[in-house]
Every structure is written in structure tokens, then in C-alpha cells.
Protein chains: 2
Amino acid sequence: MPQVMDAWQALADPTRRSVYARVATAPSSVSEIAHGLPVSRPAVSQHLRVLLDSRLVDVTRRGREQVYRARPEGLDAMRTELEAFWRGTLTSLKVLAELTYEAHDGGGGR
Amino acid sequence: MPQVMDAWQALADPTRRSVYARVATAPSSVSEIAHGLPVSRPAVSQHLRVLLDSRLVDVTRRGREQVYRARPEGLDAMRTELEAFWRGTLTSLKVLAELTYEAHDGGGGR
DNA sequence: ACAAAGCGTAAGTGGTAGCTTACGCGTATG
DNA sequence: CATACGCGTAAGCTACCACTTACGCTTTGT
């Protein structure tokens with residue numbers, strides 16, 4: 001039983017990213033998701049639990065199936081968070097790059 | 001010796017994110033970075049190795065110090081990748097949301 | 001040439017994430 | 001009411017990640 005993770009860490013795992021991609025493409029039941037992946041159904045259930053705790057997916061009962069779907073808000077929240085991180089670092093980087101390159105290079109880097 | 005990781009997974013670790021944030025704010029030597037963190041210097045070295053393999057940081061020798069600095073390109077590449085992922089999922093989500101809500105809800109989300 | 005600073009790496013350890021098999025509960029179907 | 005489907009969870013195992021200590025190499029200073 002995994003700990004509480006932020007969306008970033010939650011989506012870091014490849015399998016979990018696949019699971020999320022699946023439900024983002026189309027709401028699916030657990031068995032459907034598992035059928036398209038090289039892991040067992042309980043494994044998918046656990047991944048969905050993590051995604052659920054991270055507020056990245058949503059659940060709706062339909063008959064005896066449990067339909068999972070992605071939550072746009074969760075994604076957007078994470079994106080905003082990332083953007084802030086980006087901005088901070090990139091600003092610093094830009095300043096430093098200018099200070100560094102203006103003297104001897106010009107920035108032809110790769 | 002860690003495996004090869006993509007930028008996403010590399011930045012998933014909190015400590016490693018701190019290391020990256022540090023070098024993004026200002027190019028620093030290994031000891032400097034380690035001095036500001038609750039881990040040993042070798043640990044920082046290993047984290048820097050991972051960031052190096054992920055093309056997220058850069059190294060320059062200066063005297064006997066090894067100065068690490070963040071690579072804007074690496075970040076930007078990851079950001080692009082994320083953006084693509086975003087777009088794909090969000091598009092699907094929007095379509096599905098419309099199809100779903102138009103019949104019985106109205107979109108009182110959250 | 002010798003001592004010290006600054007790193008990188010090897011070896012070893014603890015913790016935990018991800019997976020599987022086994023089981024039990026709720027729900028539809030005859 | 002009995003059977004089968006769909007799912008969540010517990011228990012256990014394996015592998016890997018992050019961290020530490022110990023060692024060796026390169027570079028600077030006296």
C-alpha cells in the first residue's frame with residue numbers, strides 16, 4: 001500500500017502512466033485496463049488507488065463494473081504547479097545564461 | 001548505480017528535485033549543494049549523476065571544484081513532452097465531458 | 001615533494017514500490 | 001436462491017532506490 005504521493009510522483013511510474021493514459025483516452029473498467037497491459041488486474045487496481053489518492057482519476061459505478069476516468073482538474077493543477085517550478089528555474093537560468101554567454105560564446109549549444 | 005531514467009522520473013525524487021532546484025538557482029559545487037541538504041556529499045554526487053544521465057544538468061571543472069548547472073534545454077524538452085501528453089489527454093477528456101454532461105448533468109464538476 | 005581539499009565510485013544496508021496469488025464481498029443473471 | 005462476474009484487499013516476494021561509510025584519484029598550496 002503506497003504512501004501519499006503528489007501527482008508528479010504518481011505519474012512517474014511507466015505502468016501507472018499507461019493506466020492513466022488509458023482512462024484519459026476513454027473511461028474504462030478495471031478489467032478492460034488490465035487486459036491491455038502486461039500486468040495482472042489487482043496490480044491495475046492498486047495503480048488506480050494511487051491515482052485516486054492523487055486526485056488524478058475519478059470513479060463511477062455502473063452495474064457491477066467500476067468505471068474509472070481521468071480528472072481534467074487534477075491534470076491542470078499539476079500542470080500549474082510545474083509551470084511555477086519552470087518559471088522560477090528558467091528565469092534564473094536565463095539570467096545566468098546571458099551573463100555566461102555574453103562574454104565568450106553566443107549560445108550555439110547543441 | 002541507478003538505471004537510465006527519463007527526466008520525469010528523475011525529478012520525481014524530492015531530494016533530487018532539491019538538488020536540481022539548487023543548481024538551477026545558481027551553479028554550485030558538489031560540497032556546496034551537499035552543505036545545504038540533509039544528506040551526505042556522496043549522495044549528492046549520485047543524484048547529480050542521475051541528473052547528468054537525464055541531460056538535466058551540465059558540468060564544468062573549475063580548479064579542483066566541479067561546478068554543476070542546470071540545462072534549460074533539458075527542462076524544455078521535458079516540458080514539451082508533457083505538453084503533448086497534456087494535449088492528447090485533455091482533448092479526449094473534453095470530448096468525453098461534453099458527450100457525458102450534455103445529457104444529464106451540466107458540468108457541476110468538482 | 002608533501003599535505004590537504006574536492007570528487008567520484010565501490011560495497012553494503014534499510015526501506016519501500018510494484019507485482020503476483022489467494023481470498024472475500026457485493027452485484028447481476030438464470 | 002444459486003451461480004458467475006467484477007472488483008478490492010491482504011499477505012508475501014523480489015527488485016530497486018536512496019543513503020552511508022570507506023577508499024582512491026586528481027588538483028591546489030606550502
Side-chain angles (χ1 to χ4, degrees), chain A residues 1-23 26-71 78, chain B residues 1-23 26-71 78:
Chain A
M1 191 200 321
Q3 297 274 49
V4 225
M5 320 172 107
D6 55 357
W8 197 332
Q9 199 166 352
L11 288 178
D13 181 68
T15 303
R16 201 148 47 214
R17 228 182 298 181
S18 299
V19 171
Y20 180 79
R22 181 69 161 87
V23 296
S28 320
S29 68
V30 181
S31 298
E32 284 176 338
I33 303 172
H35 193 262
L37 291 178
V39 296
S40 69
R41 183 189 53 75
V44 173
S45 246
Q46 292 167 3
H47 282 301
L48 286 169
R49 177 106 160 86
V50 175
L51 293 174
L52 212 54
D53 288 346
S54 306
R55 311 290 180 187
L56 280 169
V57 298
D58 201 349
V59 176
T60 311
R61 294 199 31 110
R62 194 180 56 189
R64 55 188 167 190
E65 290 182 350
Q66 206 94 10
V67 178
Y68 285 84
R69 65 175 176 185
R71 295 202 342 148
M78 175 181 170
Chain B
M1 190 200 323
Q3 297 276 47
V4 229
M5 321 172 106
D6 55 358
W8 199 330
Q9 197 166 353
L11 288 179
D13 181 68
T15 303
R16 201 148 48 216
R17 227 183 299 181
S18 299
V19 171
Y20 179 79
R22 181 68 160 88
V23 297
S28 320
S29 68
V30 180
S31 299
E32 284 176 338
I33 303 171
H35 193 262
L37 292 177
V39 296
S40 70
R41 183 189 53 75
V44 173
S45 248
Q46 293 167 3
H47 282 303
L48 286 169
R49 177 105 161 86
V50 175
L51 293 174
L52 211 55
D53 287 347
S54 306
R55 310 290 180 189
L56 280 169
V57 299
D58 200 349
V59 178
T60 310
R61 293 199 29 111
R62 195 179 56 188
R64 56 188 165 189
E65 290 181 350
Q66 206 93 6
V67 178
Y68 285 83
R69 65 176 176 185
R71 295 202 342 149
M78 176 181 172

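Every chain is numbered from 1, with letters handed out A, B, ... down the list of sequences.
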Test item: [X] side-chain N/O and [Y] main-chain N/O as donor-acceptor pair under 3.5 Å:
X	Y	value
R71(A)	R55(A)	yes
E32(A)	S29(A)	yes
R41(A)	A34(A)	no
R17(B)	A12(B)	yes
R61(A)	G63(A)	yes

Protein-nucleotides 19-28 of chain D N/O pairs under 3.5 Å:
{"unit_1": "dC19(D)", "atom_1": "OP1", "unit_2": "T15(B)", "atom_2": "OG1", "d": "3.0"}
{"unit_1": "dC19(D)", "atom_1": "OP2", "unit_2": "H47(B)", "atom_2": "NE2", "d": "2.2"}
{"unit_1": "dT20(D)", "atom_1": "OP2", "unit_2": "S40(B)", "atom_2": "N", "d": "2.7"}
{"unit_1": "dT20(D)", "atom_1": "OP2", "unit_2": "S40(B)", "atom_2": "OG", "d": "2.6"}
{"unit_1": "dT20(D)", "atom_1": "O4", "unit_2": "Q46(B)", "atom_2": "NE2", "d": "3.1"}

What is the separation between atom [atom1] on [X] and atom [atom2] on [N], rounded to the nearest whole Å?
X	N	atom1	atom2	value
H35(B)	dA5(C)	NE2	P	14 Å
R16(B)	dC17(D)	CZ	P	9 Å
Q66(A)	dT9(D)	CD	C1'	14 Å
L48(B)	dG6(C)	CG	C1'	13 Å
L52(A)	dC7(D)	CG	P	14 Å
R49(B)	dC17(D)	CZ	C1'	15 Å
I33(B)	dA18(D)	CD1	C1'	17 Å
L37(A)	dT20(C)	CG	C1'	15 Å

**Prompt:** Quick one: OG on S45(B) to CD on Q66(B), what's the gap to the nearest 0.5 Å?
**Reply:**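 Between S45(B) OG and Q66(B) CD, I get 8.5 Å after rounding to 0.5 Å.
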
**Asked** Would a 4.5 Å heavy-atom cut-off, applied to side chains only, mark L51(B) and L11(B) as touching?
**Response**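 Contact flag for L51(B)/L11(B) side chains = yes.
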
**Item:** Validation row: I33(A), L48(A) side chains within 4.5 angstrom (heavy atoms)
**Value:**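 They are in contact (side-chain heavy atoms under 4.5 Å apart), so the answer is yes.
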
**Y68(B) side-chain N/O to dG8(C) phosphate OP1/OP2 under 4.0 Å** =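 Yes, such a contact exists.
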
**Asked** Does S45(A) place a side-chain N or O at less than 4.0 Å from the phosphate oxygens OP1/OP2 of dG8(D)?
**Response**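 The answer is yes; a side-chain N or O of S45(A) sits under 4.0 Å from OP1 or OP2.
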
**Message:** Minimum heavy-atom separation for Y68(B) and V57(B), please, with both atom names.
**Reply:**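 Shortest heavy-atom separation between Y68(B) and V57(B) comes out as CD2-CG2, 4.2 Å.
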
Using atom names, set out every protein N or O paired with an N or O of nucleotides 12-14 of chain D below 3.5 Å, distance rounded to 0.1 Å.
none

